[in-house]
Amino acid sequence: MSHLTIPEFQQYKKEGKKITVVTAYDALFTKIVEQAGLEIILVGDSLGMVVQGKSNTLSVTMEEMLYHTRMVSQAAQRALVIGDMPFLSYQVSVEESVKNAGRFLQAGAAAVKIEGGLPVLDRVEAMTGFGIPVMGHLGMTPQSVNQSGGYKVRGKEQAEADKILHEAKALETAGACGVVLECVPSVLAKTITEELKIPTIGIGAGKGCDGQVLVLYDVLGLFDDFVPKFVKPYAYLKADALQALTRYKEEVECGKFPSDAESYH
Ligand code: KIV
C-alpha cells in the first residue's frame, strides 16, 4: 500500500474533494485513523497539551516530536504523515530549520508544518528548495500565544484579515504545499481558499476550506479540559473509559472479576 503523496493531496483541491486531517501521536490510534480512511495525519505539537498535560505547546521539544513521529510513521500505511515543528526548532535560523525539518523526514514524516507568515518565508523557501514539503499555519498560531494574549479568533478586523490573506499568498509563492487556517472568520477562510492554488485546511475556519483538521482527542471526546466552539465530538470516549474503569474496580472489589472465564484451569 502506498502513502498519499503531496501532489495527490494537492490534486484533491483541483478535483473539489474534501480532505480530512486529524492529529495522532501513537501507533494504536494511527491504525484506527487509517482504518477510517482519513487522508492525512498530523503529529501535532498539541501533544504538549493533550498528552503531556501542559497549558500550552511551547515546551514541546524536537526529541519528543520525533519520538511520536516515529511511532505514527511506522504504523501509517496510507495516510500522509506531517510532523509539526515545535517552538524554537525553526525560529532561530534558516539553517537550523532545514536541519530540524530534515530530521522529521528521517523520522518518517512526508512533510512538516510551521506556524507564521512573513517571518518564516525564507524557511519555507529553503526547506522546499531541499525537497522538504512544508505546510503553513496562519490565523491563531498557538506558539505565539504569549504575543497574541490568548487563543482568540484572528482576522476579524479588516487590516488583520488583509495581512492573513497576504501571508497566505506569500506562503504559496514561497513553496508551501498547503496552509492550515486556525480560528479565522469563515468568510476570510473562504476568500483565502478561493485565491490560493494550494489546499487550505481549516480548524475553526468554517466550511469554505479545502479540508478540515481536528485534534484526535477532541474528535473522540477524550479531552475535555476545555472544548473550543469549533470542536465537534463524534464520540464520548472519556465517559466510556470512566464507566469501564469504575465497573472494573467494582468487580475486583466484590470478587466478580476474575471469574472462571478469565482464569486458567
Ligand atoms: O498541533 C496541532 O495539533 C495543530 C493542529 C490543531 C492544526 O497544529
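Starting from 1, each residue takes its place in the sequence as its number. Both counts, for ligands and for their atoms, begin at 1 and track the order of listing.
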Would you call the rings of Tyr151 and Phe226 parallel, tilted or perpendicular if under 30° counts as parallel and over 60° as perpendicular? parallel
Would you say NZ of Lys54 has more than 12 non-hydrogen atoms from neighbouring residues, nucleotides or ligands within 6.0 angstrom? yes
Is the number of heavy atoms from other residues, nucleotides or ligands under 6.0 Å of Lys31 NZ greater than 12? no
So the salt bridge (Lys or Arg N to Asp or Glu O under 4.0 Å) pairs with at least one residue in residues 255-265 (sequence neighbours excluded) are Glu251-Lys256
Do you reckon Leu216 sits in the same ILVMFWY cluster as Ile32, going by side-chain contacts under 4.5 Å, direct or chained? yes
Show me the short polar-atom pairs for ligand 1: any N or O of it lying under 3.5 Å from a protein N or O, with distances only.
| from | atom 1 | to | atom 2 | distance (Å) |
| --- | --- | --- | --- | --- |
| ligand 1 | 1 (O) | Asp45 | N | 3.2 |
| ligand 1 | 1 (O) | Asp45 | OD1 | 3.0 |
| ligand 1 | 1 (O) | Ser46 | N | 3.0 |
| ligand 1 | 1 (O) | Ser46 | OG | 3.4 |
| ligand 1 | 1 (O) | Asp84 | OD2 | 3.0 |
| ligand 1 | 3 (O) | Ser46 | OG | 2.6 |
| ligand 1 | 8 (O) | Lys113 | NZ | 3.1 |

Before accepting this row, confirm whether a basic side-chain N of the pair Arg103/Glu63 lies closer than 4.0 Å to the acidic partner's carboxylate O. yes
